[in-house]
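Single-structure report; data block below.
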Amino acid sequence: MRELDYAGMGARIRQVRKAKGWSQDVLAKKCGISMSFLGHIERGTRIMSLETFTSICTALDTNADEILWGVAQPSDALLDMWQAPPQEAYEKTGDSYSMYIKIMKSVAEIMNGA
């Protein structure tokens, strides 16, 4: 089992927050925590509860794997496409598309098993 890197998690929270153009105050209010506590979370100097972690992920509209490990998971729609691509796609692109699908399925399986 991998050990949690709280400083890394905090850095990823900060990165997503800044990408949205939000201040710490905006995210803290959305999560119902103090700006000071959010600052500690982003620096990795305090450990948040599961409830706070969930609130942050929800507010940032990101998944837990992205914050925990820095790994963005593909959407269910994309996974569905990998599992059952339309027949016309095979006809249009031939073997290269088929190989691409096999590779992407393997990548998805590796990421889900990590």
So, does R43 use its side chain to make a donor-acceptor pair with the main chain of G39 at under 3.5 Å? yes
If I take atom [atom1] from residue [X] and atom [atom2] from residue [Y], how far apart are they, to the nearest 0.5 angstrom?
X   : Y   : atom1 : atom2 : value
S36 : D25 : OG    : CG    : 12.0 Å
E66 : I13 : CD    : CD1   : 10.5 Å
R17 : K30 : CZ    : NZ    : 13.0 Å

Just so I know, are the side chains of I41 and I33 near enough to count as touching, which here means a heavy-atom distance under 4.5 Å? yes
Say whether V16 and L4 are linked into one hydrophobic cluster, either directly or through other cluster members, by side-chain heavy-atom distances under 4.5 angstrom.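 Yes, one cluster joins them.
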Shared ILVMFWY cluster between I47 and W69, side chains joined below 4.5 angstrom?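 As far as the 4.5 Å side-chain criterion goes, W69 and I47 are connected within one cluster.
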To check you understand the geometry: which heavy-atom pair defines the closest contact between [X] and [Y], and what is its length?
X   : Y   : answer
R12 : D5  : NH2-O, 4.4 Å
F53 : M48 : CA-SD, 3.6 Å
A59 : L27 : CB-CD1, 3.8 Å
F37 : T52 : CE2-CG2, 4.2 Å

side-chain contact (heavy atoms from CB on, under 4.5 Å) partner of C31, chosen from L60, V26, I56, T54: I56
Flag if over 12 foreign heavy atoms under 6.0 Å of NZ, K20: yes
